[in-house]
2 protein chains.
Amino acid sequence: MRTTVHDVADAAGVSVSTVSRALTGGSVSPATRATVMAAAERLGYRPNRTARGLITGRTGNYGLIVPDLRNPFFADIAKGVSARARAVDCGVFITDTDEDVAAELEALATLGRNTDGVLLCSPRATDAELLEAADPDTTVLVHRQAPGMLSIAADIAAGTRQAMDHLRALGHRQIAFLAGPDDSWAGRERLAALADYEILRFGSVAPTFEGGVLAGDLVLASPATAVLAYNDLVAMGLLHRLAARGVSVPDQMSVVGYDDISLAAMSHPPLTTVAVPKGRAGAAALELLLRRAGKTLATVRDREVTLPTGLVVRSSSGVAPT
Amino acid sequence: MRTTVHDVADAAGVSVSTVSRALTGGSVSPATRATVMAAAERLGYRPNRTARGLITGRTGNYGLIVPDLRNPFFADIAKGVSARARAVDCGVFITDTDEDVAAELEALATLGRNTDGVLLCSPRATDAELLEAADPDTTVLVHRQAPGMLSIAADIAAGTRQAMDHLRALGHRQIAFLAGPDDSWAGRERLAALADYEILRFGSVAPTFEGGVLAGDLVLASPATAVLAYNDLVAMGLLHRLAARGVSVPDQMSVVGYDDISLAAMSHPPLTTVAVPKGRAGAAALELLLRRAGKTLATVRDREVTLPTGLVVRSSSGVAPT
DNA sequence: ATGAAAGCGCTAACAG
DNA sequence: CTGTTAGCGCTTTCAT
C-alpha cells in the first residue's frame, strides 16, 4: 500500500490533520511544518488525488468533447487544450463522440459529473438539448454559441466577409458558396454574413473531402468563377475534382476554404483560406473554466468570447478569368 | 447537490448497498434490480467515479500519451482508444507531449499515479528511461517495443517488404528510401527489413511534409525511379515537390508512403501506402489493460502483440519508366 | 497551533 | 437476497 497521511503523521509524531494542514498551507508552526515536510519527503508521500477530490469536491480534471478527433480542426483544438492543461497541471479527459448526438449528450452527463468543467466543441445537439444537459456554470461551448451559455467562438461572419471581399476585389462576380449542414451553427453564421452579397448558393454538401468532390461537378455546371467552400476539407475535395476535370486553379477557378487546417498549406495548389484560431480557442476555453473555478459567474459580456479570424491568401485564388 | 446512491435508495425503497449491487452486477432479485434501475434512470443518477475509485482502488480511468495530436497517425490512435473507452464506459486522459521527452516522462509519472494504466504512443524516450519511469504492469507501449514491457505494434518489417516487392514487381531497380529519425524505433524496424534489398538510402529527413519537400530535390538528383517514404506525410511533401518540379507521378517517378493516414487517399495522385492499423491498435492496447486489470501478468508471449500491415495500392505507383 | 472527529459517495464485508 | 456497518484517504469543522 502506498504511504498515506497516517504514515506521515506517525513518522512526524503529529496528527493527520496537522499533516494535512502542513501540506495544503494551513496554519501550522514553522517547526512542525518542517518536521512534516521532512517525513513526507522521506516516505515518498504522494497525496491521493481521488481522496482529496472526494472531499474538496474538485478533481482538478476537465473534460473535452469533440465530434471527431480525426478532423484536423478538432485535433488542433484538443492540442491547444492539452498544452494549456499541461502548463497548469490539470488533467483532461477527451471523448470523441463520432458525430453522434446521443454520445455527445452521454459524454456531457458523465464528464459533467466527474470533472470540474467541460469544454464542448461544435456540439451537434440542439440549443434545447444543450441547455438541458449542461451545467451553464461549468460548461463552455467552443465554436458554438447558445443562449445563456459560456462560449468561445471565432468571428465567423467577419472571416466570411473577408473571403468574399477578397474574391470580389479579384474581379469575381459569380461566386458560389458551398453550404454545409443546414443545422450547423457555424453554417448559419456564414449564411448570415453572406446575406450582404450576391452568391450562387449550392445546397448542403457533407462537410468532408467527399462532399467537395461531389460539389466540384455542380460548380463546373454553373457560371461560377470562384467558390467559397464550407471548410478546408470541402475545398480540398473540390480542388481534387477540379484537377481531375482538367480545370486549372486559380486560372480558371478560384477556391477559398475556411478554417486553415494544417493540410491547407499542403494542398495543390496551397489553399487560400480563412484562418480560425483553433488551439488558441481551446486554451482560452480551458482558461475560462480555470478562472471561474469556485468564483461566481462572470458578467454576461464575458460569457461570450469572440476570437478574430483572418484570411490567409495562398495560391488557390486569383484574378477572375476574362 | 447531485443525486447519490442515497437518493436512489430512498426513491426505490431499498438500502444503498442494494442500489450499489443492482448497479454493479451483484446478486439482486430481478424485480429489485428493475426498481432500482428505474429509480436511477428517473433521477438521472450518475455514479461518482471519484468515490468509487477511493474504495475499489481503481479509478476506471486510463491515460493516453501521444507526441502530437495534430499528426493524423496519432489522432487515429486516439480515436480508436476513445471509441473503445466509450463502449466500456471508462475515462481517458489524453496528454499531448508536443514531441518533448521531458513532457512525456512527466505525463507518464502523473498519469501513472492517478489512472489504472497508461497507453504510451511512439514514445520519444529511450528504453532505459521508459523502464525506469513506467510500471511494466500497467503501461502499454503502442507502436513501440521495449524489453519487458507490454506492447502493441504493427508488423512494420512485413509492410516494408510488401512495399519493396510491389515496386520491384513494377520493374523498379533503383529504389530510394527516405529514412526518418535515426533514433526512432519504427525507423530501425524499416531499415532492418530493408537489409534484404538494394536501396538508395537517403539520410534522415524530418518525418514531416516539409521533410518530404526537401527530399524531393535529393531524389531527383539521384537515379531513383521510385521512392519509399518514411511515412505518408513525407510522401505528400515529396509529391508536392515533384509536382512543382514538373515530374509526373507515377509515370516518371513512383511514390509509396507508409501508415495510410486519411490524407493519403486525398493526395494528388492518391497515394500507394502501407496501411497500419491505428485505431485498432489503440483499441487493442486499451483492451490489454482492461483485461489484465487486477489479474496477474499475461505470459510473455502475450505481452508483445503484433498487428498486421498491408499495402494499399492507389495511383502514385506504376511501372518503371523504360 | 493542534488533535479529535465527522464525513465526502461509494462498495465490501458481515449478518440475517 | 437484502440491510447494516465499516471504512477507502483525505480535508475540515470544532474543540482545546
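Computed from a prediction, not measured in an experiment: that's the story for all the values here. Every chain is numbered from 1 and lettered A, B, ... according to where its sequence line falls, protein lines coming before strand lines.
Scored by the side-chain contact (heavy atoms from CB on, under 4.5 Å) test, A/R144 finds A/P123, A/D127, A/L130, A/L141, A/W185 as partners (sequence neighbours excluded). In terms of the ring pair (Phe, Tyr, Trp, His ring centres under 6.0 Å) criterion, B/F74 has no residue partners (sequence neighbours excluded). Remark: B/A22 pairs with B/V28, B/V36 by the side-chain contact (heavy atoms from CB on, under 4.5 Å) rule, at least two apart or across chains.
Here B/T50 lies out of heavy-atom contact (under 4.0 Å) with every strand. At a threshold of 4.0 angstrom between heavy atoms, the contacts of B/S27 include nucleobase atoms, whether or not backbone atoms are also involved.
The separation between A/D116 atom CG and C/dC8 atom P is 19 Å, rounded to whole Å. Between B/D10 atom CG and D/dG3 atom P there is a gap of 12 Å when expressed in whole angstrom units. The CG atom of B/D7 sits 13 Å away from the C1' atom of C/dC10 (whole-angstrom rounding). Rounded to whole angstrom, the span from the CZ atom of A/R58 across to the C1' atom of D/dC10 amounts to 15 Å. The distance between atom NE2 of B/H6 and atom C1' of C/dC8, rounded to the nearest whole Å, is 11 Å.
Between the side chains of B/S29 and B/T32, a donor-acceptor pair is found at a separation under 3.5 Å.
Where B/L54 and B/S29 each meet DNA chain D at their nearest nucleotide, the meeting point lying more 5' is that of B/S29.
Checking the phosphate oxygens (OP1, OP2) of D/dG3, a side-chain nitrogen or oxygen of B/S15 falls inside 4.0 Å.
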Side-chain atoms of residues 79-91 of chain A: list all donor-acceptor pairs with protein atoms under 3.5 Å, sequence neighbours left out, distances to 0.1 Å.
from  : atom 1 : to     : atom 2 : distance (Å)
A/K79 : NZ     : B/D68  : OD1    : 2.7
A/K79 : NZ     : B/D96  : OD1    : 3.1
A/K79 : NZ     : B/D96  : OD2    : 3.0
A/K79 : NZ     : B/D98  : OD1    : 2.9
A/S82 : OG     : B/D96  : N      : 2.9
A/R84 : NE     : A/E287 : OE1    : 2.4
A/R84 : NH2    : A/E287 : OE1    : 3.0
A/R86 : NE     : B/D96  : O      : 3.0

### Message
What does the B/S/- profile of nucleotides 11-16 of chain D look like, 5' to 3', with a 4.0 Å heavy-atom cutoff to protein?
### Response
BBB---
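The side-chain heavy atoms of B/Q145 and B/M149, taken from C-beta on, include no pair separated by under 4.5 Å.
Remark: the backbone N or O of A/R58 is not paired with any side-chain donor or acceptor of A/D116 at under 3.5 angstrom.
Using a 4.0 Å cut-off between charged nitrogen and carboxylate oxygen, A/R124 and A/E129 do not count as a salt-bridge pair.
Each end of the helix from C/dA1-D/dT16 to C/dG16-D/dC1 gets its own axis, taken as the rotation carrying the C1' atoms of four end pairs onto the next four within a five-pair window, and the two axes meet at 40° to the nearest 10 degrees.
Residue A/E99 places its CD atom among more than 12 non-hydrogen atoms of other residues, nucleotides or ligands, all under 6.0 Å distant.
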